[in-house]
Novice: 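Attaching a single structure in C-alpha coordinates format; questions to follow.
Naming: A, B, ... by sequence-line order, numbering from 1 per chain.
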Amino acid sequence: EAGVAQSPRYKIIEKRQSVAFWCNPISGHATLYWYQQILGQGPKLLIQFQNNGVVDDSQLPKDRFSAERLKGVDSTLKIQPAKLEDSAVYLCASSRAGGPGDEQFFGPGTRLTVL
Amino acid sequence: KQEVTQIPAALSVPEGENLVLNCSFTDSAIYNLQWFRQDPGKGLTSLLLIQSSQREQTSGRLNASLDKSSGRSTLYIAASQPGDSATYLCAVSTSYNTDKLIFGTGTRLQVFP
(Lines give C-alpha, C1' and ligand atoms only; values in the text may rest on other atoms or scores of the structure.)
Protein backbone atom coordinates (compact mmCIF):
# COMPACT_ATOMS: atom_id res chain seq x y z
CA GLU A 1 0.00 0.00 0.00
CA ALA A 2 1.19 3.53 -0.74
CA GLY A 3 2.50 5.49 2.21
CA VAL A 4 1.70 8.98 3.46
CA ALA A 5 2.59 11.56 0.80
CA GLN A 6 3.67 15.13 1.55
CA SER A 7 4.60 18.07 -0.61
CA PRO A 8 6.66 20.07 -1.05
CA ARG A 9 9.65 18.32 0.47
CA TYR A 10 11.55 21.57 1.00
CA LYS A 11 10.50 25.20 1.23
CA ILE A 12 12.47 28.37 1.87
CA ILE A 13 10.61 31.61 2.53
CA GLU A 14 11.21 35.01 4.05
CA LYS A 15 9.68 35.89 7.41
CA ARG A 16 6.16 37.36 7.19
CA GLN A 17 5.47 35.37 4.01
CA SER A 18 2.82 32.67 3.81
CA VAL A 19 3.34 28.98 3.12
CA ALA A 20 1.15 25.90 2.75
CA PHE A 21 1.91 22.21 3.06
CA TRP A 22 -0.09 19.33 1.67
CA CYS A 23 -0.61 15.80 2.98
CA ASN A 24 -2.29 12.78 1.44
CA PRO A 25 -2.79 10.02 4.04
CA ILE A 26 -2.88 6.30 3.45
CA SER A 27 -6.11 5.33 1.73
CA GLY A 28 -8.84 4.48 4.20
CA HIS A 29 -7.13 6.04 7.21
CA ALA A 30 -9.61 8.09 9.20
CA THR A 31 -7.20 9.91 11.47
CA LEU A 32 -4.62 12.44 10.32
CA TYR A 33 -1.97 14.21 12.40
CA TRP A 34 0.32 17.18 11.77
CA TYR A 35 3.53 17.36 13.82
CA GLN A 36 6.22 20.05 14.05
CA GLN A 37 9.80 18.87 14.60
CA ILE A 38 12.31 21.59 15.42
CA LEU A 39 15.96 20.67 14.87
CA GLY A 40 17.27 18.63 17.79
CA GLN A 41 13.82 18.00 19.27
CA GLY A 42 11.20 15.32 19.02
CA PRO A 43 8.03 15.86 16.99
CA LYS A 44 5.26 17.87 18.68
CA LEU A 45 1.62 17.34 17.77
CA LEU A 46 0.02 20.43 16.23
CA ILE A 47 -3.39 19.12 15.22
CA GLN A 48 -5.29 15.84 14.94
CA PHE A 49 -8.25 15.21 12.62
CA GLN A 50 -10.76 12.39 12.80
CA ASN A 51 -12.25 12.28 9.29
CA ASN A 52 -12.83 16.00 8.65
CA GLY A 53 -13.35 17.03 12.27
CA VAL A 54 -10.70 18.41 14.64
CA VAL A 55 -9.98 16.21 17.67
CA ASP A 56 -7.07 18.09 19.22
CA ASP A 57 -5.54 21.43 18.23
CA SER A 58 -4.41 22.51 21.68
CA GLN A 59 -0.81 23.10 20.57
CA LEU A 60 -1.58 24.81 17.27
CA PRO A 61 -0.61 28.53 17.30
CA LYS A 62 -3.96 29.64 15.96
CA ASP A 63 -2.95 33.25 15.40
CA ARG A 64 -0.77 32.16 12.48
CA PHE A 65 -1.34 28.47 11.80
CA SER A 66 -4.44 26.95 10.24
CA ALA A 67 -5.26 23.49 8.95
CA GLU A 68 -8.12 21.87 7.15
CA ARG A 69 -9.07 18.43 5.96
CA LEU A 70 -11.75 18.75 3.34
CA LYS A 71 -13.80 15.64 2.61
CA GLY A 72 -11.87 13.76 5.27
CA VAL A 73 -8.97 12.82 2.98
CA ASP A 74 -6.20 15.28 2.02
CA SER A 75 -5.12 17.99 4.43
CA THR A 76 -3.33 21.32 4.18
CA LEU A 77 -1.44 23.16 6.88
CA LYS A 78 -0.89 26.89 6.41
CA ILE A 79 1.33 29.40 8.16
CA GLN A 80 0.52 33.08 7.72
CA PRO A 81 2.66 35.06 8.43
CA ALA A 82 5.74 32.91 9.07
CA LYS A 83 8.26 33.68 11.80
CA LEU A 84 11.89 32.62 12.11
CA GLU A 85 10.99 30.15 14.87
CA ASP A 86 8.68 28.28 12.49
CA SER A 87 11.74 26.77 10.79
CA ALA A 88 11.22 23.05 11.30
CA VAL A 89 10.23 19.81 9.63
CA TYR A 90 6.47 19.39 9.38
CA LEU A 91 5.43 15.76 9.52
CA CYS A 92 2.09 14.33 8.57
CA ALA A 93 0.92 10.97 9.90
CA SER A 94 -2.20 8.89 9.54
CA SER A 95 -3.77 5.96 11.35
CA ARG A 96 -6.63 3.65 10.55
CA ALA A 97 -9.06 4.74 13.23
CA GLY A 98 -7.11 6.68 15.84
CA GLY A 99 -8.02 4.24 18.57
CA PRO A 100 -5.89 3.12 21.52
CA GLY A 101 -2.61 1.71 20.33
CA ASP A 102 -3.46 2.35 16.67
CA GLU A 103 -0.19 2.62 14.76
CA GLN A 104 0.60 5.97 13.16
CA PHE A 105 2.33 5.96 9.76
CA PHE A 106 4.48 8.98 8.98
CA GLY A 107 5.22 10.80 5.74
CA PRO A 108 8.71 12.04 4.77
CA GLY A 109 8.03 15.55 6.03
CA THR A 110 8.40 19.07 4.64
CA ARG A 111 11.49 20.95 5.73
CA LEU A 112 10.69 24.66 6.12
CA THR A 113 13.38 27.31 6.40
CA VAL A 114 12.29 30.84 7.30
CA LEU A 115 14.90 33.52 6.59
CA LYS B 1 2.56 17.27 32.21
CA GLN B 2 4.28 14.28 30.63
CA GLU B 3 7.91 14.82 29.67
CA VAL B 4 10.08 12.32 27.82
CA THR B 5 13.87 12.38 27.95
CA GLN B 6 16.40 10.34 26.01
CA ILE B 7 20.04 9.78 26.78
CA PRO B 8 22.56 9.84 25.31
CA ALA B 9 21.77 12.52 22.74
CA ALA B 10 24.37 11.05 20.39
CA LEU B 11 26.31 7.82 20.21
CA SER B 12 29.09 6.62 17.91
CA VAL B 13 30.14 2.98 18.05
CA PRO B 14 32.11 0.50 15.93
CA GLU B 15 30.26 -2.16 14.02
CA GLY B 16 29.40 -5.29 16.02
CA GLU B 17 28.89 -3.65 19.39
CA ASN B 18 25.81 -4.26 21.49
CA LEU B 19 24.30 -1.00 22.67
CA VAL B 20 21.57 0.40 24.87
CA LEU B 21 19.49 3.53 24.33
CA ASN B 22 17.60 4.99 27.26
CA CYS B 23 14.23 6.69 27.52
CA SER B 24 12.62 8.09 30.67
CA PHE B 25 9.19 9.61 31.25
CA THR B 26 7.84 11.61 34.19
CA ASP B 27 4.25 10.32 34.41
CA SER B 28 3.87 6.54 34.82
CA ALA B 29 0.22 6.65 33.65
CA ILE B 30 1.09 5.65 30.10
CA TYR B 31 -1.01 3.62 27.69
CA ASN B 32 1.89 2.41 25.58
CA LEU B 33 5.45 3.27 24.57
CA GLN B 34 6.90 3.13 21.08
CA TRP B 35 10.37 3.25 19.66
CA PHE B 36 10.79 4.87 16.24
CA ARG B 37 13.64 5.17 13.81
CA GLN B 38 14.16 8.36 11.78
CA ASP B 39 16.48 8.49 8.78
CA PRO B 40 17.60 11.86 7.35
CA GLY B 41 15.01 13.26 4.96
CA LYS B 42 12.56 10.48 5.75
CA GLY B 43 9.64 10.01 8.05
CA LEU B 44 9.48 7.96 11.21
CA THR B 45 9.34 4.17 11.12
CA SER B 46 7.84 2.34 14.06
CA LEU B 47 10.21 -0.31 15.45
CA LEU B 48 8.55 -1.66 18.56
CA LEU B 49 5.41 -0.94 20.55
CA ILE B 50 5.06 -1.99 24.19
CA GLN B 51 1.68 -1.90 25.87
CA SER B 52 1.65 -0.66 29.46
CA SER B 53 0.90 -4.19 30.70
CA GLN B 54 3.94 -5.65 28.94
CA ARG B 55 7.56 -5.77 30.09
CA GLU B 56 9.33 -6.15 26.75
CA GLN B 57 9.05 -6.63 23.01
CA THR B 58 11.54 -8.14 20.58
CA SER B 59 12.02 -7.82 16.85
CA GLY B 60 15.11 -9.34 15.27
CA ARG B 61 18.17 -7.71 16.82
CA LEU B 62 16.06 -5.19 18.72
CA ASN B 63 14.70 -5.64 22.22
CA ALA B 64 12.77 -2.98 24.11
CA SER B 65 11.96 -3.18 27.81
CA LEU B 66 9.53 -1.16 29.89
CA ASP B 67 9.56 -0.44 33.62
CA LYS B 68 6.48 1.67 34.11
CA SER B 69 6.90 2.18 37.85
CA SER B 70 10.35 3.72 37.44
CA GLY B 71 9.39 5.58 34.25
CA ARG B 72 12.03 3.96 32.07
CA SER B 73 12.43 2.10 28.82
CA THR B 74 15.54 0.80 27.12
CA LEU B 75 16.15 -0.18 23.51
CA TYR B 76 18.83 -2.83 23.14
CA ILE B 77 20.45 -3.27 19.73
CA ALA B 78 22.51 -6.42 19.32
CA ALA B 79 25.47 -6.71 16.97
CA SER B 80 25.11 -3.20 15.56
CA GLN B 81 25.58 -2.59 11.82
CA PRO B 82 26.31 0.57 9.78
CA GLY B 83 22.73 0.34 8.48
CA ASP B 84 21.51 0.95 12.03
CA SER B 85 22.80 4.53 11.83
CA ALA B 86 19.80 6.81 12.37
CA THR B 87 18.02 8.81 15.05
CA TYR B 88 16.01 6.74 17.50
CA LEU B 89 12.97 8.32 19.14
CA CYS B 90 10.80 7.02 21.92
CA ALA B 91 7.24 8.20 22.38
CA VAL B 92 4.55 7.55 24.97
CA SER B 93 0.81 7.81 24.82
CA THR B 94 -0.97 8.56 28.05
CA SER B 95 -3.90 6.77 29.63
CA TYR B 96 -6.06 9.91 29.40
CA ASN B 97 -5.28 10.59 25.73
CA THR B 98 -4.31 7.35 24.06
CA ASP B 99 -4.01 8.85 20.56
CA LYS B 100 -1.53 11.56 21.44
CA LEU B 101 2.16 10.65 21.16
CA ILE B 102 4.64 12.59 23.30
CA PHE B 103 8.13 12.23 21.90
CA GLY B 104 11.57 12.38 23.43
CA THR B 105 14.37 14.39 21.85
CA GLY B 106 16.01 11.35 20.29
CA THR B 107 19.38 9.61 20.24
CA ARG B 108 21.46 10.06 17.10
CA LEU B 109 23.34 6.80 16.47
CA GLN B 110 26.30 6.33 14.17
CA VAL B 111 27.74 2.87 13.60
CA PHE B 112 31.04 2.93 11.74
CA PRO B 113 32.65 -0.02 9.91
Side-chain angles (χ1 to χ4, degrees), chain A residues 2-10 21 23-26 29-51 53-60 88-112, chain B residues 1-10 21-26 29-54 57 59 66 73 75 86-108:
Chain A
V4 177
Q6 291 188 247
S7 68
R9 295 294 311 278
Y10 305 91
F21 313 128
C23 173
N24 181 234
I26 293 173
H29 279 195
T31 308
L32 185 147
Y33 310 79
W34 282 103
Y35 290 86
Q36 179 193 58
Q37 186 177 21
I38 294 172
L39 185 66
Q41 300 182 17
K44 180 184 78 172
L45 180 68
L46 292 176
I47 188 167
Q48 176 186 347
F49 291 94
Q50 183 76 18
N51 295 308
V54 175
V55 174
D56 183 351
D57 63 357
S58 57
Q59 298 192 93
L60 186 74
V89 175
Y90 291 84
L91 295 164
C92 179
S94 70
S95 65
R96 201 168 289 279
D102 203 17
E103 184 177 0
Q104 295 183 28
F105 295 85
F106 285 79
T110 296
R111 180 178 297 279
L112 173 67
Chain B
K1 178 186 172 186
Q2 178 72 274
E3 292 184 0
V4 182
T5 306
Q6 291 185 246
I7 54 171
L21 308 182
N22 296 290
C23 172
S24 61
F25 45 94
T26 54
I30 65 168
Y31 187 81
N32 61 38
L33 183 145
Q34 293 186 65
W35 282 93
F36 290 88
R37 169 184 173 140
Q38 185 172 32
D39 293 281
K42 297 186 179 180
L44 279 64
T45 302
S46 180
L47 298 172
L48 291 164
L49 184 151
I50 311 176
Q51 300 291 352
S52 61
S53 58
Q54 298 176 317
Q57 282 285 344
S59 176
L66 174 64
S73 175
L75 179 67
T87 296
Y88 291 80
L89 294 156
C90 74
V92 300
S93 64
T94 59
S95 301
Y96 43 87
N97 187 343
T98 58
D99 291 350
K100 186 173 181 177
L101 292 178
I102 301 169
F103 284 86
T105 51
T107 294
R108 190 169 66 253

Novice: Looking at residues at least two apart in the chain, or sitting in another chain, which of them share a salt bridge (Lys or Arg N to Asp or Glu O under 4.0 Å) with B:Arg37?
Specialist: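 B:Arg37 satisfies salt bridge (Lys or Arg N to Asp or Glu O under 4.0 Å) with B:Asp39 once adjacent residues are dropped.
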Novice: Does the side chain of A:Glu103 come within less than 4.5 Å of B:Leu49's, by heavy atoms?
Specialist: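 With C-beta onward as the side chain, the pair stays apart.
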Novice: Go through the atoms of B:Leu44 and report whether side chain, backbone, both or neither lie under 4.5 Å from a heavy atom of chain A.
Specialist: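 Both parts, backbone and side chain.
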Novice: Check the pair A:Tyr35, B:Leu101 against side-chain contact (heavy atoms from CB on, under 4.5 Å), reporting the backbone distance first and the verdict last.
Specialist: CA-CA 10 Å; A:Tyr35 290 86; B:Leu101 292 178; 3.9 Å; yes
Novice: Determine whether B:Ser93 and A:Gln104 make a side-chain contact, defined as any pair of heavy atoms from C-beta on separated by less than 4.5 Å.
Specialist: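 A side-chain contact is absent here, since even the closest heavy-atom pair is not under 4.5 Å.
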Novice: What part of A:Arg111 gets closer than 4.5 Å to chain B, counting heavy atoms only: side chain, backbone, both or neither?
Specialist: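 Looking at A:Arg111, nothing touches chain B.
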Novice: Hey, what do you get for CZ (A:Phe106) to CZ (B:Phe36), rounding to the nearest 0.5 Å?
Specialist: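 The distance works out to 5.0 Å.
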Novice: For the candidates A:Ala93, A:Pro108, A:Cys92, A:Gly40, which exhibits the highest count of non-hydrogen atom pairs separated by less than 4.5 Å from chain B?
Specialist: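 Maximum pair count with chain B is reached by A:Pro108.
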Novice: Can you give me the closest heavy-atom contact between B:Leu89 and A:Gly42, atom names plus distance?
Specialist: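 Heavy atoms only, the tightest pair is CD2-CA, 4.3 Å.
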Novice: Identify which part of A:Thr110 has an atom lying under 4.5 Å from any heavy atom of chain B, answering side chain, backbone, both or neither.
Specialist: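 Neither; nothing under 4.5 Å.
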Novice: For B:Gln38 and A:Gln37, test the side chains for any donor-to-acceptor distance below 3.5 angstrom and give the result as yes or no.
Specialist: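 Yes, side-chain donor-acceptor contact under 3.5 Å.
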Novice: How long is the straight-line distance from OG1 of B:Thr45 back to CZ of A:Phe105, given to the nearest 0.5 Å?
Specialist: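 One gets 10.0 Å once the value is rounded to the nearest 0.5 Å.
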